[in-house]
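Below: the structure, in structure tokens.
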Protein chains: 2
Amino acid sequence: MNVTGHTRRPASIRDVATAAGVSYQTVSRVINGHPSVKPTTRERVLAAIDELGFRRSATALALASGRSRAVTVLTANTTHYGYASILQGIEEAARAESYAVGIGVLESADEAAIAAEVRRAADTGGGLIVIAYDPAGVRALGAVPAELPVVGVVETPASPPDPGHPWVWADDREAAYQATRHLLSLGHETVHYVAIPSSTRRTSARTSGWRQALREAGAPESRPVQGSWGPAGGHAAGRKLARDPAVTAILCGNDDLALGVLRALHEAGRSVPGEVSVAGFDDAPHSAYLTPSLTTVRLDFTGLGRSAFALLHGVLEESARVDPHPVSVPELVVRESSGPPPATV
Amino acid sequence: MNVTGHTRRPASIRDVATAAGVSYQTVSRVINGHPSVKPTTRERVLAAIDELGFRRSATALALASGRSRAVTVLTANTTHYGYASILQGIEEAARAESYAVGIGVLESADEAAIAAEVRRAADTGGGLIVIAYDPAGVRALGAVPAELPVVGVVETPASPPDPGHPWVWADDREAAYQATRHLLSLGHETVHYVAIPSSTRRTSARTSGWRQALREAGAPESRPVQGSWGPAGGHAAGRKLARDPAVTAILCGNDDLALGVLRALHEAGRSVPGEVSVAGFDDAPHSAYLTPSLTTVRLDFTGLGRSAFALLHGVLEESARVDPHPVSVPELVVRESSGPPPATV
DNA sequence: GACCCCTATGTGACCGGTCACAATCCTGGC
DNA sequence: GCCAGGATTGTGACCGGTCACATAGGGGTC
């Protein structure tokens, strides 16, 4: 029955209190579901709340109680498929717990800029989730003050930049291992690798999974070709590889790189999968519709995001602690872009 | 010189005040750059701030002053290229003005769910930007209470769902018009259209731009084929169109749809652009690397996001009002997927 | 009937800032 | 030397909630 007219200041608990003829504390008890409130009183208060259109101020709640029910996600990018999916997963889980989701983009990998961004995020209050798949993210994770509740979404669980912080990860190493084994099992002598920018100075999880598969098979190892995140990087790398007739199988650090590689091979007149097999990483939505459709490894980014939030939620609230390090299992998706090597050598 | 040890409560302005030997109000004046503070005093306060590592609480600021320096972006999706790019643009502009960016995903188009999400966003305080490219977004924009500062990113400026709210838009109509003209100019008798889900019950801006070009050229008009957002929808639509030998040119509502169409044509054995020309919409990063590379219309989504924020910023703060309805000019990008129709009919 | 405990409710202080107003200091003009 | 008036600085109340503690009524129990 909200027949109010003018744009006026929203109702506070004191407004509700006077309307219901009780004290503000009683109103507070009602909205918090405190047990010892007489049913009739509760009814009266609820009616007043309804009539005045009262909504509890998140700001005041945060200030008074300390707990803010908010997460800020720090990421280097929002447009890449993997990042965007993780974000979507976080948002989904956060919404279910009625947490607010904030986002901060780490535009530059510059120490000072990152520190500033981390401070800004910290000012917001609440928890932090840092997507640390790239140098900027890794630095940001490292720059988070120890007392702040934070969860990292990392590439390599073996080397968390800051041991005090919990993290989630997808098993990239296993995924790369599987993809490489798949290519080797088709008969390729070896597999070349086009890498995404490494998150650390050391080799990435994807790189080491690839290498491990080669070693186990006794296949010759080549240096990974350094790519970027997008198709342009893959295209450049693909041009180099296309010139080498010995190259018959290429694993790419993500599907966008693979797309660029595919294009470069096409331009060089090398057929896929006839002459060269290509495998991607991530199973982006478009990969199934490329021509040739792309063999890749599917990772559950959305689930990863949800896990990250669940973990943070556990850190923030005593209530439901969760399994510290959930791992999603990668799934090899074989499509048209991979096949046996050319018959004769 | 922050040699503090334990994890203790962050410093407040009163802590700074006692440390500097002044009143809390003076500290407030210093952090707000108020002119009438004696330089020596200011120095002392700044030193204390530095030493205690003081950071002004955004929460307390918001509560006390009312202004919250925050934007919440409401969107149906974060993973699609266009949406993600708009978001990135908003974040970029917001960061420059040191605004916090929140995000809420409209998972369902259900009225109640949307209303709940809008309320949640409103609770956060600050401004709202609603990406109203789809039914969920349009509804959300409509559900925003009149007193809330909000900017819509809409598809069709002609019919803003709520006239009270300002909006920005990219000239989708012009873009579709250009793309259609391009295909017609190559000699195609007509152009078929695979549509994205319309944001309104009426036809979308893209649809009407396409139709206008057909009318002006006196080309026969067909009913738009209803697609979805992703490549799967395009694939389904493409299969239908591939069966009709009269179809020689297809415009798609976005690049993902075009990808699906391309794939369907390939599977049906119809060559692109030999037998059929295809054009997309948006110029997603991967479109240049497809085979054939995709003719499309580039839209400056990031710029659109920046404009949206600028507009909201103007609404929120008296200071710098901006040009109410900035429009970015679409740019036709001709690539391999479009060409003249087959020689004989 | 005194005593105790539990239920139901109210009161004052506080979270960390801002705002409006009062109080003090200093300086120039006459 | 006195006073107006701007420059500086301080005080109390408030934003909208929460928290810790006090207060008033009922039942039991002995």
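Note on naming: letters A, B, ... go to the chains in the order of the sequence lines (proteins, then strands), and numbering restarts at 1 for each one. Heavy atoms only: backbone and side chains are in, while hydrogens, waters and symmetry mates are out. Everything quoted here is computed from the prediction, not taken from an experiment.
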Would you tabulate the side-chain donor-acceptor contacts of residues 110-122 of chain A under 3.5 Å, counting partners in other chains and residues two or more places apart, or write 'none'?
from: A:Asp110; atom 1: OD2; to: A:Ala113; atom 2: N; distance (Å): 3.3
from: A:Arg120; atom 1: NH2; to: B:Tyr99; atom 2: O; distance (Å): 3.0

Sorted by chain and residue number, the side-chain contact (heavy atoms from CB on, under 4.5 Å) partners of B:Thr124 (sequence neighbours excluded) come out as B:Thr72
A:Leu61 near the nucleic acid: base, sugar-phosphate alone, or nothing, with a heavy-atom cut-off under 4.0 Å? sugar-phosphate
**Item:** Donor-acceptor under 3.5 Å (A:Ser68 side chain, A:Gly126 main chain)
**Value:** yes
Counting the atoms with a prime plus P, OP1 and OP2 as sugar-phosphate, which does A:Arg56 contact under 4.0 Å by heavy atoms, base, sugar-phosphate, or nothing?
sugar-phosphate
Is a donor on one side and an acceptor on the other found under 3.5 Å between the side chain of B:Ser85 and the backbone of B:Tyr81?
-> yes
Test side-chain hydrogen bond (donor to acceptor under 3.5 Å, both in side chains), reference B:Tyr83, set B:Thr75, B:Thr78, B:Asp134, output is B:Asp134
Q: Please work out if A:Arg67 contacts a base, only the sugar-phosphate, or nothing of the nucleic acid, heavy-atom cut-off 4.0 Å.
A: sugar-phosphate
For a quick check of understanding: with a heavy-atom distance under 4.0 Å over all strands, which category does A:Thr59 fall into, base, sugar-phosphate or nothing? nothing
Residues of residues 22-38 of chain A with a heavy atom under 4.0 Å from any atom of DNA chain C, listed by number, are A:Val22, A:Ser23, A:Tyr24, A:Gln25, A:Thr26, A:Arg29, A:Ser36, A:Val37, A:Lys38
Quick one: does any side-chain atom of B:Asn32 pair with a main-chain N or O of B:Ser28 as donor and acceptor, under 3.5 Å?
yes
Practice item. Check whether any side-chain N or O of B:Asp15 sits under 3.5 Å from a backbone N or O of B:Ser12 as a donor-acceptor pair, and report yes or no. Key: yes
| Can you check whether A:Ala109's main-chain N or O pairs, donor with acceptor, with A:Arg139's side chain at less than 3.5 Å? | yes
Between its two end axes (five pairs each) the helix from C:dG1-D:dC30 to C:dC30-D:dG1 turns, nearest 10 degrees, through 50°
Value for OG1 (A:Thr40) from CZ (A:Arg42), rounded to nearest 0.5 Å, stands at 10.0 Å
message = Using only atom types and a distance under 3.5 Å, with no angle test, would you say the side chain of B:Arg69 pairs donor to acceptor with the backbone of B:Glu97?
response = yes
The residue, A:Leu63 or B:Thr40, whose nearest nucleotide of DNA chain D is more 5′ is B:Thr40
Contacted region of DNA chain C by chain B, from 5' end to 3' end of the hits, cut-off under 4.0 Å to heavy atoms, spans C:dG16 to C:dA20
Residue set satisfying side-chain hydrogen bond (donor to acceptor under 3.5 Å, both in side chains) with A:Arg55, at least two apart, ordered chain then number -> B:Asp123
The residue, A:Thr41 or B:Ser57, whose nearest nucleotide of DNA chain C is more 5′ is A:Thr41
Q. With a non-hydrogen cut-off below 4.0 angstrom, is B:Arg42 in contact with a base, only sugar-phosphate, or nothing?
A. nothing
